[in-house]
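Inspection log for the structure reproduced underneath, given as structure tokens.
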Amino acid sequence: MSIQPIGIFDSGVGGTSIWKEIHALLPYENSIYLADSINAPYGPKGKDKIIALSIKNTEFLLEKNCKLIAVACNTASTNAITLLRKKYSVPFIGIEPAIKPAALNTKTKAIGILATKGTLTSALFHNTSNLYSNGITIIEQIGEGIVQLIESGKLGSTEMETLLKSYLKPMLEANIDYLVLGCTHYPYLIPMLTKLLPKHVKIIDSGLAVAKQTQSVLEQHQLLNIETVKPRNAFYINLKTTEVMQSLLGQKSEVDYLEF
Ligand code: DGL
């Protein structure tokens, strides 16, 4: 049993959507969140660069004595998690687009996936997508520009609405009934997406599944914190993103922001 923190990293502020789910399920766990906003977006970068940044983030969290690392970034997970698991001995939790539930439940036999270029071009994504694509049309869409708008506090802007409308158009033309969100920044778009999508289109993201997986891996390794005192949640930022994070987290913030 361990009071060591859970480490979580993302290319920026989006992985807080995963931190929220983990914190809700495991409220007594200490946590360290690393937002690498200075290097965001990861999506357009090549695999080698994404791996190098993932290693740097992992080593930062390991130096801070984290007992498990949740890679709260689809782009980093789909490109780097196999290597990270080989290289380091701590358990890793990854995230990838939840194609399976969408593919198994679609009635219109068409599903949409919104993710970064890095995720959609990864071998891991291709393998999963091939497993479930039988008899189904999968409309893949790169969410070019979305991460940058969220990072700069323009979540609810008209620019964002225009961008989303253009990305949803081919999906709606293909009559999708599921939209899979394949980037941890995107759950924050759900209010806007709900407005733009017809009622029968369901939106799926992987946040809760990641939190449950974190809980079960901590249990397996006997690493859960059994103390029930208020935890310390430290958020490391390398750009001035405190306000953006606070507005995304929508709470009086039980979080300390630290620059690195
Ligand atoms: N949150 C990251 C993801 O889940 C965003 C990647 C990016 O920075 O482009 O893919």
Side-chain angles (χ1 to χ4, degrees), residues 7-22 33-58 60-61 69-84 92-99 112-126 128-129 140-155 160 163-164 167 179-190 193 203-211 213-214 235-239 241 244-245 247-249:
I8 302 173
F9 77 80
D10 180 37
S11 63
V13 301
T16 53
S17 66
I18 302 297
W19 177 85
K20 264 193 198 178
E21 299 277 5
I22 292 177
Y33 180 92
L34 184 164
D36 190 20
S37 298
I38 211 162
N39 289 304
Y42 281 11
K45 296 183 167 50
K47 186 178 167 91
D48 289 350
K49 183 72 186 165
I50 296 168
I51 288 177
L53 292 168
S54 301
I55 288 176
K56 176 187 66 71
N57 297 338
T58 298
F60 181 94
L61 294 171
I69 294 181
V71 182
C73 174
N74 290 257
T75 311
S77 295
T78 52
N79 284 279
I81 201 147
T82 311
L83 186 136
L84 295 176
F92 282 88
I93 306 295
I95 179 164
E96 55 175 314
I99 303 176
I113 304 198
L114 192 59
T116 69
K117 183 174 172 214
T119 296
L120 293 174
T121 56
S122 69
L124 206 72
F125 175 79
H126 276 283
T128 315
S129 165
E140 296 176 11
Q141 175 65 54
I142 296 173
E144 181 86 50
I146 296 178
V147 166
Q148 292 93 316
L149 285 176
I150 296 177
E151 289 288 322
S152 54
K154 293 183 184 154
L155 177 67
M160 181 71 87
L163 212 53
L164 290 185
Y167 294 159
L179 171 64
V180 178
L181 302 183
C183 171
T184 56
H185 283 68
Y186 300 172
Y188 291 115
L189 298 170
I190 290 175
L193 287 168
I203 302 171
I204 300 196
D205 79 86
S206 322
L208 182 59
V210 169
Q213 180 66 4
T214 304
F235 278 30
Y236 283 86
I237 55 173
N238 55 13
L239 270 188
T241 48
V244 177
M245 289 223 195
S247 82
L248 295 178
L249 290 170

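From a predicted model like this one, the values you see are computed outputs, not experimental measurements. Just follow the structure's listing: the first ligand is 1, and inside any ligand the first atom is 1.
Residue Tyr236 forms a ring-ring contact (aromatic ring centres under 6.0 Å, His included) with just one option from Phe60, Tyr33, Phe9, and that option is Phe60. Screening Ile18, Val71, Ile81 against Ile95 for a side chain to side chain contact (heavy atoms under 4.5 Å, CB included) leaves a single residue, Ile18.
Not a single heavy atom of Gly14 sits less than 4.0 Å from an atom of ligand 1. Remark: distances from the non-hydrogen atoms of Cys73 to ligand 1 include one below 4.0 Å.
For ligand 1, none of its N or O atoms has an N or O atom of Thr119 under 3.5 Å away. Below 3.5 Å of separation, one finds an N or O of Asp10 facing an N or O of ligand 1.
Around NZ of Lys56, the count of heavy atoms belonging to other residues, nucleotides or ligands within 6.0 Å exceeds 12. Atom CD of Glu144 has 12 or fewer heavy atoms from other residues, nucleotides or ligands within 6.0 Å.
By heavy-atom distance, the residue among Asn74, Val13, Thr78, Ile50 lying nearest atom 4 (O) of ligand 1 is Asn74.
Met160 has its side chain within reach of Leu189: a pair of non-hydrogen atoms, C-beta onward, lies under 4.5 Å apart. At least one side-chain heavy atom of Asp205 sits under 4.5 Å from a side-chain heavy atom of Ile190. Within the 4.5 Å cutoff, no side-chain heavy atoms of Ile50 are placed close to those of Thr78. Thr116 is not listed as a side-chain neighbour of Pro41, based on a closest heavy-atom distance of 4.5 Å or more.
Under a 4.0 Å criterion applied to the non-hydrogen atoms of Pro41, ligand 1 contributes the atoms 7 (C), 8 (O), 9 (O). Residue-ligand proximity, Ser11 to ligand 1, at heavy-atom distances under 4.0 Å covers atoms 2 (C), 5 (C), 6 (C), 7 (C), 8 (O). For ligand 1, the atoms closer than 4.0 angstrom to any heavy atom of Thr116 are 6 (C), 9 (O), 10 (O). Ligand 1 places these atoms under 4.0 Å from at least one heavy atom of His185: 1 (N), 2 (C), 5 (C).
Considering only non-hydrogen protein atoms, atom 9 (O) of ligand 1 sits nearest to Gly43 N, 2.7 Å. With hydrogens left out, the protein atom closest to atom 7 (C) of ligand 1 is Tyr42 N, 3.1 Å, a heavy atom. Annotation: atom 6 (C) of ligand 1 to nearest protein heavy atom, Thr75 OG1, 3.4 Å.
Contacts between Thr184 and ligand 1 below 4.0 angstrom, taking non-hydrogen atoms only, involve backbone and side chain alike.
Here the closest heavy-atom approach between residue Gly118 and residue Asn79 is recorded as O-ND2, 3.1 Å.
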